[in-house]
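Computed from a predicted structure; not experimentally measured.
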Amino acid sequence: AMVQLNGTTTVKNSSYFGYGQSYEATSSGTGIIVGKSDTELLIVTNAHVVDNVDNLKCVFSDGTSASCSVKGSKSDQDIAVAAVSLSDISSDTASNIAIAELEDSSDIKVGQQVVAIGNALGYGQTVTSGWISALDRTVQSDSNTYEELIQTDAAINPGNSGGALLNMQGELIGINC
């Protein structure tokens, strides 16, 4: 139920003297397959994984990839939904796709063991484990306040954003950020 999300983004910077420069950089993150319709797979991820990303590709666990489009994004909540057309996926790949099983996050307890799955550093699927350290955390960024967050000591690296935080029954309880 995990996929890699890769694309390109334009990075702009300026020097002390006011000269600007822009270049294309690769971006990577993770997505969780949460649904399937007659025509597409639905993938949830963090908004910062897909916002302002071009050439978005979804890479499945068998290494095949397909174009991916963003259906909607809420940057202030750092959540987005992307979709892959089923017609772009081979029957072999489709037969290996699973839909994530969702668990009620209100049942989480501090001290509970968890597993974090992601696309760490863009190298493909990685797994780390840890514990729930705290619940209902609030984090302030430059532009947003995020509330009711789950804190874990499982290693979360760049590229893990949008990946799954699972309980020990393999049920989705959160999204890595």
Side-chain angles (χ1 to χ4, degrees), residues 1-7 9 26-36 40-51 53 56-74 77-84 86 88-90 92-135 137 139 146 148-177:
M2 295 298 115
V3 296
Q4 298 172 46
L5 296 173
N6 300 319
T9 188
T26 58
S27 66
S28 63
T30 311
I32 307 161
I33 301 171
V34 294
K36 179 179 169 184
E40 60 191 6
L41 284 178
L42 297 175
I43 299 164
V44 69
T45 188
N46 293 119
H48 74 265
V49 170
V50 297
D51 286 349
V53 172
L56 188 61
K57 297 278 186 204
C58 173
V59 182
F60 297 95
S61 61
D62 65 359
T64 63
S65 66
S67 292
C68 193
S69 63
V70 177
K71 302 283 279 184
S73 176
K74 279 190 65 81
Q77 296 294 311
D78 200 18
I79 192 85
V81 175
V84 174
L86 291 176
D88 292 341
I89 303 170
S90 73
D92 287 343
T93 298
S95 67
N96 290 317
I97 290 173
I99 307 296
E101 187 174 332
L102 309 180
E103 174 59 24
D104 184 352
S105 62
S106 65
D107 295 335
I108 300 170
K109 306 280 187 250
V110 172
Q112 177 179 338
Q113 194 169 10
V114 292
V115 173
I117 300 177
N119 178 21
L121 306 173
Y123 290 128
Q125 289 192 4
T126 59
V127 177
T128 59
S129 65
W131 308 92
I132 298 295
S133 305
L135 297 170
R137 289 287 195 214
V139 174
Y146 303 102
E148 299 180 30
L149 301 178
I150 302 166
Q151 180 180 329
T152 179
D153 68 348
I156 308 293
N157 296 296
N160 283 99
S161 291
L165 185 65
L166 306 169
N167 63 21
M168 297 314 289
Q169 289 73 44
E171 300 162 324
L172 182 68
I173 59 172
I175 299 173
N176 303 329
C177 185

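The structure places CD of Glu101 at 10.0 Å from CG of Leu172, a figure rounded to the nearest 0.5 Å. Remark: Ile97 CD1 to Asp62 CG distance equals 8.0 Å, nearest 0.5 Å. For the atom pair Ile150 CD1 and Ile175 CD1, the distance stands at 9.5 Å (nearest 0.5 Å). One finds the CG atom of Asp78 at 5.5 Å from the NE2 atom of His48 (value rounded to the nearest 0.5 Å). Considering SG of Cys58 and CD1 of Ile89, their distance stands at 7.0 Å, rounded to 0.5 Å.
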I would like to know whether Phe60 and Leu41 meet side-chain contact (heavy atoms from CB on, under 4.5 Å); could you show each step before the answer?
-> CA-CA 12 Å; Phe60 297 95; Leu41 284 178; 3.8 Å; yes
List the steps and the verdict of side-chain contact (heavy atoms from CB on, under 4.5 Å) for Val81 and Ile43.
-> CA-CA 6 Å; Val81 175; Ile43 299 164; over 6 Å; no
Chi angles and distances behind the side-chain contact (heavy atoms from CB on, under 4.5 Å) call for Ile79, Val44 = CA-CA 7 Å; Ile79 192 85; Val44 69; 3.6 Å; yes
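Of all heavy-atom pairs between Val84 and Ala66, the closest is CG1-CB, 3.7 Å. Across all their heavy atoms, Gly29 and Val49 have their closest contact at CA-CG1, 3.8 Å. Pairing each heavy atom of Ala116 with each of Ile156, the nearest pair is CB-CD1, 3.6 Å. Closest approach of Thr152 and Gly130 over heavy atoms only: OG1-C, 4.4 Å. Across Leu42 and Ala83, no two heavy atoms sit closer than the pair CD2-CB, 4.2 Å. Lys36 and Ile99 make their closest contact through CB-CD1, 4.0 Å (heavy atoms, listed as atom of the first residue, atom of the second, distance).
A heavy-atom distance below 4.5 Å is found between the side chains of Leu56 and Leu5. Leu166 has its side chain out of reach of Ile173: every pair of non-hydrogen atoms, C-beta onward, lies at least 4.5 Å apart. Side-chain contact between Gln4 and Ser65: absent, with no pair of heavy atoms (C-beta onward) separated by less than 4.5 Å. In this structure the side chain of Val110 reaches within 4.5 angstrom of the side chain of Leu135, judged on heavy atoms. Within the 4.5 Å cutoff, no side-chain heavy atoms of Lys57 are placed close to those of Cys68. Val3 places a side-chain heavy atom less than 4.5 Å from the side chain of Ile33.
Only one option out of Thr126, Asn119, Leu165 pairs with Asn160 in a side chain to side chain contact (heavy atoms under 4.5 Å, CB included); it is Thr126.
Using a 3.5 Å distance cut-off with no hydrogens or angles, the side chains of Ser106 and Asp104 do pair a donor with an acceptor. Side-chain contact check for Thr64 and Thr93: at least one donor-acceptor pair (N or O, by modelled atom type) lies under 3.5 Å.
With hydrogens and angles ignored, the 3.5 Å screen pairs a side-chain donor or acceptor of Gln125 with a backbone N or O of Met2. Listed for the Asn176 side chain is a donor-acceptor partner under 3.5 Å among the backbone atoms of Ile117. At distances below 3.5 Å, at least one donor-acceptor pair connects side-chain atoms of Asp153 with backbone N or O atoms of Trp131. Thr45 places a side-chain N or O within donor-acceptor distance of the main-chain N or O of Thr30, the cut-off being under 3.5 Å. In this structure a side-chain-to-backbone donor-acceptor pair under 3.5 Å is missing from Ser161 to Cys177.
Atom CD of Glu148 sits in a sparse spot, with 12 or fewer heavy atoms from other residues, nucleotides or ligands closer than 6.0 Å. Heavy-atom neighbours of Tyr146 OH from other residues, nucleotides or ligands within 6.0 Å: above the threshold of 12.
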